[in-house]
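Within every chain, numbering begins at 1; the chains are lettered A, B, ... in the order of the sequence lines, protein sequences first and strands thereafter. Nothing here was measured: the structure is a model prediction, and the numbers come from that model.
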Protein chains: 2
Amino acid sequence: MSLDKRKILILKAIISSYIDNAEAVGSRTISKKYELGVSPATIRNEMSDLEEMGFLVQPHTSSGRIPTDKAYRYFVDDLWKNADKSRNPNVEAIRKIIDEEASELDSIFNNSVRILSQITRYTSFIVAPHLKKTKIKRIQLVSITENKIMLIIVMESNIVRQVVINLRSPIPEEQLHKISVSLSERISGHKIEDVNLNLKEKLIKELYNIKESSEYSLIELVPFLMNQIGKMEDIDVYSDGITNILGLPEYNDLEKAKEFISFAENKDSIVKLFQNAGQNDLDISIGNENPYDELKDCSLITATYKFNGKIVGKIGVVGPTRMDYEKVISTVKSISEIMNEIIDRNFTDGI
Amino acid sequence: MSLDKRKILILKAIISSYIDNAEAVGSRTISKKYELGVSPATIRNEMSDLEEMGFLVQPHTSSGRIPTDKAYRYFVDDLWKNADKSRNPNVEAIRKIIDEEASELDSIFNNSVRILSQITRYTSFIVAPHLKKTKIKRIQLVSITENKIMLIIVMESNIVRQVVINLRSPIPEEQLHKISVSLSERISGHKIEDVNLNLKEKLIKELYNIKESSEYSLIELVPFLMNQIGKMEDIDVYSDGITNILGLPEYNDLEKAKEFISFAENKDSIVKLFQNAGQNDLDISIGNENPYDELKDCSLITATYKFNGKIVGKIGVVGPTRMDYEKVISTVKSISEIMNEIIDRNFTDGI
DNA sequence: TGTTAGCACTCTCTTCCATTGAGTGCTAAT
DNA sequence: ATTAGCACTCAATGGAAGAGAGTGCTAACA
């Protein structure tokens, strides 16, 4: 039995109808709504074949049929081949919004993930860079008030992290500057994880031996600074629209909804999910292709974004397997491209 | 008819049972579980009286009874009088966690709201200061990379806000410093809202007339900086545990749950809710005492926190009217006290 | 040989009762 | 004033019956 043209048309019609209504599709519906020029009986025969081939299932003997993961997979792979190159019409509007607050990664991520979930109406995530694995370019100490200084860390990728630190007693501006310079000299080029491993002790010792350090109680400050640096968060997860699933018929069951929500709110599981998700420009995993039981009725569409051509993070959408793949794929693609472009422009070192 | 001792005991027993089980309480239950030494029949008579007095209602003729808002109000006011002065046993642990990352308000708020919702298992909020109404102490421009500078704003209350800004072309360190100093001189003492109103134009004009400005294209930079300052967020809302309500029997109805969630996720409504909530150390509004329909089955417990003795923000919990008031009140109280203390220590100007 | 009308059959879903059980209010006895 | 007893009420539970959507099969048709 082969997947001839008519079978494909019928399959697509069923998928399309099921995506719209979340209800098992019968032969009459197909013959009425989609003009195939054949009677329900013929369609029934074809549907029976499609079921045998594993593209459809019947929830019970006398109901219509539902597409399987295999059907979605076929449909998506087909989309792929005949990919519509027409750009998402919203692209320019989206770019403008993200670009407006593009000087901090945090804003780029927040805006991107929000827009993504607003357009798709599903749950969106961004899993952000492994800061601990990138090198520190320089650090800087800036006096804020008498008892507060700001520690600014600039990473190789021009990502900036800062933290305000309370001092027990003021440090003269001049001396702060000296500490800042010597600390920066010694720490730049190293990774945050190195600081945690062995650099910390080494640096503390070195700095103690410098004449001018002794003026101020570096004994307190430097180890504290090193701890702050070491604590910089490793992987950030941004999410939006988690509660959107409450609107989906497949999550009418409160228990199921709660299960999904607690999965989505758990950063660790999301990080793992996205790390497993393949490293292509765009990856799609459908239903049981997902490694997590909580997502067996969901599809995950992820894209990567890069710094300096190196893969560092992922953006993605989780929705029901019954999702409008064409729209979601095009949205994820567009937004990831916009992110890539904006990050490139704002965070990549010139040559 | 008066609220004699036995009626009070029975009322408390009913409230307590209803808080535990969320099910209408019958006379037999009370007589069995709470040793009052009287028969169900007697309790029935008393319950009938309590209903007449407005403390109880029957969902239908042949069911047990449920406490009304008035009953909770009585119960809470009574708690008040006989307030247990014993401190929450967790106080020290909580303080430690919040204190660990106390040099930035953002962390204090995030940690506090998280702990509050974790302990109470309800939804918690913090509505943070009106930044636009406080004066700017100083601003500072710090060079980050060739094309990035950081704009740091220190408010009168020692709150620090910073934003990274991308430049079209580099500015020499020296000149950046000059701009920073003149901008800071001119802007300190003013409020953010003043910047938006008229200060912006005035300052731009003034700075154009300074000799050294002309070296660099201040024409671009200064207006941009002013916009950044003017854009600093007005009121921040922190929330946690919104989806906790999915576990409550009163929100078994998905529609009701969705309504609550979209209310809780809407910053505007939360800001209004908290602004209406009274300015005492602790305020409680129960059920229909709340101005919002979405909260007619909820109680709101809020506390204030202060900077320099001035009220600036609120922390609070929203849960079902059927909540363990004693525990929630004590938790909100403790956490607000801890916040006050930590903020005082870290953000108040010395004398 | 593929298509289709017709029909019996299947299974869910809704509606409608009857039954159950928790709880009340009232009355009469203590 | 309290309580045992009892009739009564009403939500909740659990079939049973009927409706409706959809199927598979058969036989006729092009």
### Task
In whole angstrom, give the distance that lies between atom CZ of B/Arg28 and atom C1' of D/dT3.
14 Å
### Message
Using a 4.0 Å heavy-atom cut-off to protein, can you give one letter per nucleotide of nucleotides 4-9 of chain C, 5' to 3': B if the base is in contact, S if only the sugar-phosphate is, - if neither?
### Response
BBB---
### Task
Specify the separation, in whole Å, of atom CE of B/Met47 and atom C1' of C/dG25.
13 Å
### Query
Is a side-chain donor or acceptor of B/Asp69 paired with a backbone partner of B/Asn288 at a separation under 3.5 angstrom?
yes
### A/Leu56 CG to D/dG24 P, straight-line distance once rounded to whole Å
11 Å
### Task
Please determine if a side-chain N or O atom of A/Ser27 lies less than 4.0 Å away from the OP1 or OP2 oxygen of D/dT23.
yes
#### Entry: Any side-chain heavy-atom pair of B/Thr123 and B/Ile245 under 4.5 Å
yes
Sequence neighbours excluded and cut-off under 3.5 Å, please list the side-chain donor-acceptor pairs for residues 291-301 of chain A, or say none.
{"unit_1": "A/Asp297", "atom_1": "OD2", "unit_2": "A/Lys256", "atom_2": "NZ", "d": "2.9"}
{"unit_1": "A/Ser299", "atom_1": "OG", "unit_2": "A/Tyr325", "atom_2": "OH", "d": "2.7"}

Show each protein N/O and nucleotides 10-17 of chain D N/O combination with a separation under 3.5 Å, one pair to a line.
{"unit_1": "D/dC10", "atom_1": "OP1", "unit_2": "B/Thr61", "atom_2": "OG1", "d": "2.9"}
{"unit_1": "D/dC10", "atom_1": "O4'", "unit_2": "B/Ser62", "atom_2": "OG", "d": "2.9"}
{"unit_1": "D/dC10", "atom_1": "O2", "unit_2": "B/Ser62", "atom_2": "OG", "d": "3.3"}

### B/Thr42 side chain to B/Ser39 side chain, donor-acceptor N/O pair below 3.5 angstrom
yes
### Query
At under 4.0 Å, does any side-chain N or O of B/Arg65 touch on OP1 or OP2 of C/dG25?
yes
### Task
May I have all residue pairs that pass salt bridge (Lys or Arg N to Asp or Glu O under 4.0 Å) and include part of residues 35-53 of chain A, sequence neighbours excluded?
A/Arg6-A/Glu46, A/Lys7-A/Glu46, A/Lys7-A/Asp49, A/Glu51-A/Arg65
### Query
Under 3.5 Å, is there a donor-acceptor pair between the side chain of B/Asp324 and the main chain of B/Lys327?
yes
Anything under 3.5 Å between a donor and an acceptor, one on a side chain of residues 11-18 of chain B, the other on a protein residue two or more places apart or in another chain? List them.
{"unit_1": "B/Lys12", "atom_1": "NZ", "unit_2": "B/Asp78", "atom_2": "OD2", "d": "2.9"}
{"unit_1": "B/Ser16", "atom_1": "OG", "unit_2": "B/Tyr34", "atom_2": "OH", "d": "3.3"}

### Task
Rounded to the nearest angstrom, tell me the gap between atom CG in A/Leu36 and atom P in C/dG2.
19 Å
### Message
Any side-chain to backbone donor/acceptor pair from A/Asp283 onto A/Asn280? Under 3.5 Å, distance only.
### Response
yes
### Message
Heavy-atom count check: over 12 atoms from other residues, nucleotides or ligands less than 6.0 Å from B/Gln118 CD?
### Response
yes
### Interatomic spacing from OH in B/Tyr72 to CD1 in B/Ile286 - rounded to 0.5 Å
9.0 Å
### Task
Round to the nearest Å and state the distance from A/Glu46 atom CD to C/dG2 atom P.
11 Å
### Task
Give the rounded distance in Å between these two atoms: CD1 of A/Ile66 and P of D/dG22.
12 Å
### Task
Specify the separation, in whole Å, of atom CD1 of B/Ile10 and atom C1' of D/dA1.
13 Å
Nucleotide N/O to protein N/O under 3.5 Å, stretch nucleotides 28-30 of chain D:
none

### Query
So, are A/Asp77 and A/Arg73 salt-bridged, with charged N and O less than 4.0 Å apart?
yes
### Spacing between B/Asp49 atom CG and C/dT24 atom P, to the nearest angstrom
14 Å
